[in-house]
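What follows is a short report on a single structure.
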Amino acid sequence: MNEQFYRTVSQMLEDTISVYEELLELYKEKKKVLLTPKNSELLRIVDEKILAQVNSVKKVNEKREEFCKENEIEPTNISTLIELAQRENPEFEKILSEQKVKINEVAEEMALVEKTNVELIKHGLVMSDKLLDIIISAATPQTDNYDMHGKNVDTSELSISSIVEDA
């Protein structure tokens, strides 16, 4: 394989790192939005940006897969390309090793931020459920029954009248 091949592999890795770093920044932005009140519109905007960035990730992956097909390399994952390039051309070994470390760091940080975002969303749902329960309980009419002394009577007991006398 020639030097141009390795330069192309290195450039594809740089493109991948760049796309993932941008996605990581969007995940961090989403985390900030999740921590602020009244965030539904901002959250929608950030989610749209994330979806657009995911499409960029897909394009980078498709480009890498096409490159691998053209050069008859299987499988088409990043690690395989790095290992092949390091084996075949030691001149690129340092650059590719650094890129591999960078990709791993970005991927790990992205996974951690996304896990945090999921937990924040779960917490928001729990808080929304509690708020809804409070609103419903405040809005429902009180249907308690009282005896002639003004004491609350358990309505789960069957009785003939709504006023129950103490014996």
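Here the structure is a predicted model, which means the values were calculated and not measured.
- Note: Lys102 NZ to Ser18 OG = 10.5 Å, rounded to the nearest 0.5 Å.
- Atom OH of Tyr27 is separated from atom CE of Met110 by 6.5 Å, given to the nearest 0.5 angstrom.
- In this structure, CD on Glu114 lies 13.0 Å from CD on Glu109, to the nearest 0.5 angstrom.
- Two residues are said to be in side-chain contact when any heavy atoms from C-beta on lie closer than 4.5 Å; Lys32 and Thr36 fail this criterion.
- Nearest approach of Arg64 to Asn61, heavy atoms of both residues: NH1-OD1, 2.9 Å.
- Cluster membership check: Ile45 does not share its hydrophobic cluster with Val113, using side-chain heavy-atom separations under 4.5 Å among Ile, Leu, Val, Met, Phe, Trp and Tyr.
- Side-chain heavy atoms closer than 4.5 Å link hydrophobic residues (I, L, V, M, F, W, Y) into clusters, and following such links, possibly through other members, connects Val54 to Leu24.
- Hydrophobic clustering, with ILVMFWY side chains joined whenever heavy atoms are under 4.5 angstrom apart, keeps Val60 apart from Leu96.
- Expressed to the nearest 0.5 Å, how far CD of Gln53 lies from NZ of Lys58 amounts to 12.5 Å.
- Side-chain contact check for Tyr6 versus Ile95: every heavy-atom pair is 4.5 Å or farther apart.
- Across all non-hydrogen atoms, the minimal contact from Val33 to Leu43 is CG1-N, 3.6 Å.
- Hydrophobic clustering (ILVMFWY, side-chain heavy atoms < 4.5 Å, transitive): Val106 and Ile103 are in distinct clusters.
- Rounding to the nearest 0.5 Å gives a distance of 7.5 Å between CG of Asn117 and CD1 of Ile50.
- If you check the side chains of Glu22 and Ser56, you find no donor sitting under 3.5 Å from an acceptor.
- Judged by distance alone, with hydrogens and angles left aside, the side-chain atoms of Thr116 form a donor-acceptor pair with the main-chain N or O of Leu112 at under 3.5 Å.
- Distance check, rounded to the nearest 0.5 Å: NZ of Lys28 to CD of Glu25 gives 5.0 Å.
- The minimum heavy-atom distance between Ser10 and Gln99, with the atom names listed, is O-NE2, 3.0 Å.
- By the 4.5 Å heavy-atom criterion applied to side chains, Glu105 and Glu108 are not counted as neighbours.
- A salt bridge between Glu119 and Lys122 is present, with a side-chain N of the basic residue lying under 4.0 Å from a carboxylate O of the acidic one.
- Glu98 has its side chain within reach of Lys94: a pair of non-hydrogen atoms, C-beta onward, lies under 4.5 Å apart.
- Proximity of Asp15 to Lys63: side-chain heavy atoms (C-beta onward) are separated by under 4.5 Å at one or more points.
- At a threshold of 4.5 Å between side-chain heavy atoms, the hydrophobic network of Ile, Leu, Val, Met, Phe, Trp and Tyr places Leu125 and Leu34 in one connected group.
- With respect to Lys31, the side chain to side chain contact (heavy atoms under 4.5 Å, CB included) criterion is satisfied by exactly one of Leu26, Val46, Leu120: Leu120.
- Contact check on Glu48 versus Arg44 returns a salt bridge, with a Lys/Arg side-chain nitrogen under 4.0 Å from an Asp/Glu carboxylate oxygen.
- Proximity of Lys49 to Lys30: side-chain heavy atoms (C-beta onward) are nowhere separated by under 4.5 Å.
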